[in-house]
Amino acid sequence: VPSGFAPTPDEALGFVVPEYRAGVRRLLRECSLNGSAFDTEAQCTTARGRRIWVRVICEPQWDAQGKVSRIYGTCQDISEAKHAAERARVLATQLSATLESLTDVFYTLDRQLRFTYVNAVAEQLFARPREQILGRGLRELFPDLSGGVVEREFMRALRENVTVEFENYYEPFATWFQAKAYPSEQGLAVDLKNITDHHRARQEILRLNAELEERVRRRTAQLEAANRELEAFSYSIAHDVRAPLSTIDGFSQLLERSAGAQLDSRGQHYLQRIRRAVRHMGELTEGLLALSSLSRANLLRERVDLAPMARAALEMCRQQSPARSVQVEIADAMPATGDPRLLAQVMGNLVGNAWKFSACTAHARIEVGLRRESGETVYYVRDNGAGFDMAHSAKMFDAFQRLHGTAEFEGTGIGLAIVHKIVARHGGRVWADAAPGQGACISFTLPENPTAVR
């Protein structure tokens with residue numbers, strides 16, 4: 001308004017918005033007639049059209065006759081304070097709605113551990129309305145908590161100004177709780193989570209683990225007993241079976257020398273079959289002993305090169321069949337990690353198989369090498385020999401399983417079983433790819449990290 005503006009009472013009331021105007025008019029009339037001072041709040045619109053909140057304070061001034069001669073007072077712009085109060089109210093409403101919607105028990109305590117707020121879930125748990133909870137102390141409502149872990153932890157949170165978290169079983173409610181208490185200047189904000197089901201599940205897991213450990217202990221004892229029986233069986237084979245075989249082989253050889261000329265062709269055939277069966281039984285016995293010994297052998301963890309092992313195995317094959325012409329390609333180096341003695345057995349068996357099963361191939365070829373595949377090193381021995389049907393590949397790594405008849409190729413059917421067991425003990429994998437008449441490729445992996453070797 002212009003400087004010096006002096007409105008009439010009606011003009012002054014014209015600045016008050018309509019919904020507050022009647023109330024202010026009534027207060028002014030009572031003040032002028034009865035001398036009733038007042039302090040009120042109302043909304044006004046300024047001359048420039050801005051809507052504001054004002055605090056109107058009025059007091060009467062009396063004349064000598066005891067009548068109100070005039071009214072004087074102040075108008076204060078309290079818009080910012082009202083807006084702040086409204087924001088605080090909205091925030092408080094939102095906070096209250098949030099706390100009331102929690103599924104956890106939530107309450108606040110002052111620094112004397114008196115309840116200052118409880119949400120609806122807390123009311124249900126405490127089985128009391130809020131009116132009977134607010135303002136009362138924790139000890140008063142729950143005397144059995146006095147001196148216990150709950151009171152000690154709450155006091156520690158207040159004393160050290162730290163958030164505390166603990167679990168506690170409260171007998172009257174038959175409930176396990178997880179409590180979190182957050183300190184502030186006003187006191188504590190406490191969140192209680194019902195973890196009874198979780199605690200029972202955890203106890204059940206502990207029970208099952210204990211039961212499992214007992215089962216493992218019993219099973220370990222059974223396995224140890226089985227291993228002892230296997231060792232006894234291996235000892236029996238080594239001493240009780242091989243001795244009679246040697247006797248049979250020796251006497252059959254003497255019989256052949258002394259009386260071979262007196263036997264007819266059928267008798268000589270029978271004698272030869274006896275000697276072949278004895279030799280085959282001896283080979284089976286040696287293979288079984290070699291296979292059983294793998295379970296007891298300790299593994300070494302060394303860096304080795306499989307290429308010299310493959311070349312040594314090939315040289316042994318050439319010495320046994322010097323007349324054969326085989327094209328061989330062996331990688332210059334095949335670094336690996338494992339037990340040198342056992343890995344030499346792997347290469348000996350695989351190269352020996354490739355040599356044996358390519359014997360009937362006109363232009364025999366054997367390849368020994370390595371490749372990178374899916375981030376790991378794969379070692380392989382490939383030949384272009386007899387091959388086999390992949391439909392039967394599942395059993396080829398089992399002991400005494402043969403995919404070719406003894407009339408075609410000699411052998412005990414235990415070599416690949418030994419390869420599989422050695423590779424598995426090193427933590428690797430072994431597999432085959434083949435086709436009848438097109439050769440076979442035996443591939444295997446070994447862990448590159450020495451710690452992976454068991």
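Note that the numbering runs from 1 along the sequence shown for the chain.
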key: Qualifying residues under side-chain contact (heavy atoms from CB on, under 4.5 Å), relative to Arg111, sequence neighbours excluded   = Leu158
Check: Trp431 main-chain N/O paired with His420 side-chain donor or acceptor under 3.5 Å = no
inquiry  = Minimum heavy-atom separation for Cys317 and Gly352, please, with both atom names.
reply    = SG-CA, 4.0 Å
Residue pair Ile195 / Phe177, side-chain heavy-atom distance below 4.5 Å = no
Gap separating the CG atom of Asn119 from the CG atom of Leu192, nearest 0.5 angstrom = 9.5 Å
Smallest separation among heavy atoms of Arg217 and Glu214, with atom names = NH2-OE2, 2.5 Å
inquiry  = Could you measure the distance from the CG atom of Leu27 to the OG atom of Ser32? Nearest 0.5 Å is fine.
reply    = 10.5 Å
key: Charged N-O contact under 4.0 Å between Asp104 and Lys193   = yes
key: Pairs involving residues 363-385, ordered by first then second residue, that meet ring pair (Phe, Tyr, Trp, His ring centres under 6.0 Å) (sequence neighbours left out)   = Tyr379-Phe444
ask   = Heavy atoms, side chains only, cut-off 4.5 Å: are Glu151 and Leu145 in contact?
value = no
message = Check this for me, if you would: do Glu140 and Arg114 make a salt bridge, where the nitrogen-to-carboxylate-oxygen distance has to be below 4.0 angstrom?
response = no
task = Determine yes or no for a side-chain-to-main-chain donor-acceptor pair under 3.5 angstrom, with Asp63 supplying the side chain and Gln65 the backbone.
result = yes
Rounded distance [0.5 Å steps], OG1 in Thr377 versus CZ in Arg371 = 10.5 Å
note = In short, Val105 meets Ala122 closest at the heavy-atom pair CG1-CB, 3.6 Å
query = Are Phe115 and Tyr107 close enough, and set up right, to give a ring-ring contact (aromatic ring centres under 6.0 Å, His included), and what steps lead you there?
reply = CA-CA 7 Å; Phe115 287 93; Tyr107 57 86; 5.1 Å; yes
task = For atom CD of Glu11, decide whether the heavy atoms of other residues, nucleotides or ligands shown that lie under 6.0 angstrom number more than 12.
result = yes
Donor-acceptor contact present, side-chain Thr46 to main-chain Arg50, <3.5 Å = yes
task = Find out whether Leu343 and Leu446 are in side-chain contact, i.e. whether some heavy atom of one side chain is under 4.5 Å from a heavy atom of the other.
result = yes
ask   = Using the ring of each side chain (for Trp, its six-membered ring), is Trp176 parallel, tilted or perpendicular to His199, with breaks at 30° and 60°?
value = parallel
Ion pair Arg202/Glu167, N-O distance below 4.0 Å = yes
task = Check whether any side-chain N or O of Glu123 sits under 3.5 Å from a backbone N or O of Arg130 as a donor-acceptor pair, and report yes or no.
result = yes
task = Taking all non-hydrogen atoms of both residues into account, name the closest pair between Cys58 and Ile71 and its distance.
result = CB-CG2, 3.8 Å
Salt bridge (charged side-chain N to carboxylate O under 4.0 Å, His left out) between Arg219 and Glu213, intermediate numbers included = CA-CA 10 Å; Arg219 183 57 177 163; Glu213 289 177 1; over 6 Å; no
Candidate pair Lys82 and Glu86, rule salt bridge (charged side-chain N to carboxylate O under 4.0 Å, His left out), full reasoning = CA-CA 6 Å; Lys82 291 290 289 187; Glu86 179 61 19; over 6 Å; no
inquiry  = Using side-chain heavy atoms (C-beta onward) and a distance below 4.5 Å, is Phe38 in contact with Leu28?
reply    = yes
inquiry  = Could you check whether any side-chain N or O of Asn349 sits under 3.5 Å from a backbone N or O of Leu416, counting only pairs where one atom can act as donor and the other as acceptor?
reply    = no
message = For the backbone of Leu13 and the side chain of Arg25, can you confirm whether one donor and one acceptor N or O come within less than 3.5 Å of each other?
response = no
task = Taking the side chain as every heavy atom from C-beta outward, state whether Leu141 and Arg128 have any atom pair closer than 4.5 Å.
result = yes
query = Is a donor on one side and an acceptor on the other found under 3.5 Å between the side chain of Ser358 and the backbone of Ala364?
reply = no
query = Where do Ser36 and Asn34 land on the side chain to side chain donor-acceptor pair (under 3.5 Å) test, with the steps shown first?
reply = CA-CA 6 Å; Ser36 303; Asn34 305 322; 4.8 Å; no
query = Is the distance between the ring centroids of Phe142 and Phe126 less than 6.0 Å?
reply = yes
key: Audit row: Glu315, Arg318, salt bridge (charged side-chain N to carboxylate O under 4.0 Å, His left out) steps and yes/no   = CA-CA 5 Å; Glu315 183 60 29; Arg318 289 191 187 280; 5.0 Å; no
request  = Could you give me the CA-CA distance, side-chain angles and deciding distance for Ile78 and Glu41, then say whether side-chain contact (heavy atoms from CB on, under 4.5 Å) is met?
outcome  = CA-CA 9 Å; Ile78 60 170; Glu41 295 177 358; 3.7 Å; yes
Any side-chain heavy-atom pair of Val56 and Val24 under 4.5 Å = no
message = For the residue pair Thr8 / Asp10, report whether a side-chain donor-acceptor contact shorter than 3.5 Å exists.
response = no
query = Given side chains that start at C-beta, do those of Leu370 and Val378 come closer than 4.5 Å, heavy atoms only?
reply = no
ask   = How long is the gap from CE on Met347 to CG on Leu314, to the nearest 0.5 Å?
value = 10.5 Å
ask   = Nearest heavy-atom pair of Pro172 and Asp144: which atoms, and what distance?
value = CG-OD2, 3.4 Å
query = Do Thr337 and Arg303 have side-chain atoms, one donor and one acceptor, less than 3.5 Å apart?
reply = yes
message = Please evaluate residues Val162 and Arg156 with respect to the criterion side-chain contact (heavy atoms from CB on, under 4.5 Å), reporting the C-alpha separation (whole Å), side-chain torsions for both, the decisive distance (0.1 Å), and the verdict.
response = CA-CA 8 Å; Val162 294; Arg156 183 170 74 88; 4.1 Å; yes
request  = Determine the sole option in Asp39, Asp77, Thr40, Thr74 for which the side-chain hydrogen bond (donor to acceptor under 3.5 Å, both in side chains) test with Arg55 is passed.
outcome  = Asp39
query = Does Arg365 pair with Asp383 as a salt bridge, N-O distance under 4.0 Å?
reply = no
message = Does any part of the side chain of Pro60, heavy atoms only, come nearer than 4.5 Å to the side chain of Trp62, both counted from C-beta?
response = yes
query = Any sub-3.5 Å donor-acceptor pair from Ser146's side-chain atoms to Arg139's backbone N or O?
reply = no
task = Could you pull out the closest heavy-atom pair between Glu59 and Ala37, with the gap in Å?
result = CG-CB, 3.9 Å
inquiry  = So, taking the atom named CD1 in Ile57 and the one named CD in Gln76, what distance separates them when rounded to the nearest 0.5 Å?
reply    = 5.0 Å
task = Mark yes when over 12 heavy atoms from residues, nucleotides or ligands other than Asn209 sit less than 6.0 Å from its CG; otherwise mark no.
result = yes
Charged N-O contact under 4.0 Å between Arg207 and Glu211 = yes
message = Quick check for you: to the nearest 0.5 Å, what is the distance between Arg51 atom CZ and Ser79 atom OG?
response = 10.5 Å
request  = Begin from the C-alpha positions of Ile418 and Gln345 and carry the test side-chain contact (heavy atoms from CB on, under 4.5 Å) through to its verdict.
outcome  = CA-CA 8 Å; Ile418 290 176; Gln345 281 188 261; 4.0 Å; yes
key: Working for salt bridge (charged side-chain N to carboxylate O under 4.0 Å, His left out), residues Arg372 and Glu376   = CA-CA 6 Å; Arg372 292 295 292 179; Glu376 62 181 348; over 6 Å; no
task = Considering only NZ, NE, NH1 and NH2 on the basic side and carboxylate oxygens on the acidic side, decide whether Glu204 and Arg200 come within less than 4.0 Å.
result = no
